[in-house]
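Take a look at this one; I'll ask things after.
Numbering of ligands and ligand atoms starts at 1, following listing order. The figures here come from the full heavy-atom set of this structure, side chains too, leaving out hydrogens, waters and symmetry mates.
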Amino acid sequence: MKFYELSPEKRRDQLVQEGWLTTQDAALLAGTHSLPEVTGARLIENAIGEFPLPLGVARNLLVNGQLHQVPIADEEPSVIAAASNGARLATANGGVRTHVAAHRVVAEVVLTNLTDLVQARQTILAHQTDIQKVIAVAHPSMIQRGGGLDQLTVESLGAQFLKIRLTLDPQQAMGANYANTVAEAVAAAVTSWVDGDVLVSILTNAPTELVTAEVSLEPASLATKAVSGDVIAKKIVQLSELAFVDAERAVTHNKGILNGIIGAVLATGNDTRAVAASIGAFACASGRYQPLSRWYMDQGHLVGHLQLPLPMGAVGGAIGALPMAQVVRRLGGYQNLAIMQQVIAALGLVQNLAAMRALAGPGIQAGHMKLQANALAIAAGATETELSMLVNALRQGSMDLKHAQQYLTTIRLNKKVGQSKDENRD
Ligand code: MEV
């Protein structure tokens, strides 16, 4: 049998036999089940287990007057701490206001080897009603749900290509499968009207609808122990201006925004690669890499404004198959796709706020390393009872794996000495 035809258990056995996995690795993979093994095996090819990540929640983020608990699946210790911090600040200042444009997905069918591009364009445009029919037949239930073709354009790209651009309404779905089904059906029909060949028929992951999020903050509310709110607000504006002129800074600035967004998108069962590709393209849309947010002072308040694409769905894809995605949908208060997109954009903005406030105040390492100590202690092999002692030792000493292992050895030795003293006392 081929590898992809085996059960997950047999795939693990094979990887052990081939020397890629130890038996302990295989046992770990076999023991981590929050998904029924059959679900994992059906969702992806060559499944051998699960890769669990902690799921946390950024508490009480006020978005358009509604409180949300935002679930985030993430491995970086400081992400949820920063998100919660940002959410607390934004909520105390009246919350985040957001807006999202109507949800659309775009498919492209590109033809080549045409004898006359101009003539072919006219022919295709004359078949608009037929194209509508092809789309309806390809996916009738989308039309019944109120979706379907929104706009059709045909443009030549250089002397070689003719592109049919289909803007589609996929309702609550992300729309990737819908766009691809429609694109292939339209491609098949078009070849009977014009000469030439279909080169590609697929959705584009380029940005479609944009989500905006805005927050306005009283500078005093931003004060840290050592720095006044006015100074923090002023520095945040300068950091924002810097990101517009220093692309290297802009990438890191945007990474801070993505810190919240990617983990929140992952937790909903959506395709994080589609979101990352689209956001990356949007950041470069002007021809120069730009920050996704802008911070400025307005009438004594610090205002933050974020705009970005979030190509997601509330149904379809893996979402319905992943039980945890359903929990996340309920916990997040994501009653529909528009709310999901807006809350996640608001999260990106407050995540950005928390990062900038830390940069403008104490710097990020103090808080970051405090949280990193837990990850180091676990990596060094501390048991539950040793964990807090080792974390304390790390915070007072050197924060690296080598020292974590040394401190752990000392903790264990001290414990042994303590035990033998107790025994002698008896
Ligand atoms: C760290 O994960 C994210 C930050 O670097 C973002 C930023 O610099 O704005 C703190």
Which pairs would a plain distance check flag for residues 230-240, meaning a side-chain donor or acceptor within less than 3.5 Å of a matching protein atom at least two apart in sequence or in another chain?
from, atom 1, to, atom 2, distance (Å)
S240, OG, W295, N, 3.0

Which pairs would a plain distance check flag for residues 298-308, meaning a side-chain donor or acceptor within less than 3.5 Å of a matching protein atom at least two apart in sequence or in another chain?
from, atom 1, to, atom 2, distance (Å)
H301, ND1, Q299, O, 3.3
H305, ND1, E214, OE1, 2.8

- Task: Quick one: list whatever passes salt bridge (charged side-chain N to carboxylate O under 4.0 Å, His left out) with D74, sequence neighbours left out.
- Result: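 D74 satisfies salt bridge (charged side-chain N to carboxylate O under 4.0 Å, His left out) with no other residue.
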- Below 4.0 Å from any atom of ligand 1, which residues have a heavy atom? Give them in chain and number order, please.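 Residue list for ligand 1: E76, R249, T252, H253, K255, G256, N259, A355, L359, I364.
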- Item | Aromatic ring pairing H139/Y178, orientation class (parallel under 30°, perpendicular over 60°, tilted between) |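 Rings of H139 and Y178: perpendicular, as their planes differ by over 60°.
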- Flag side-chain contact, heavy atom, 4.5 Å: E184 against V109: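 The answer is no, as the side chains (C-beta and beyond) never meet within the 4.5 Å cut-off.
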- Answer with yes or no whether the side chains of T112 and D197 bring together a donor and an acceptor at under 3.5 Å.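 Absent: no donor and acceptor within the cut-off.
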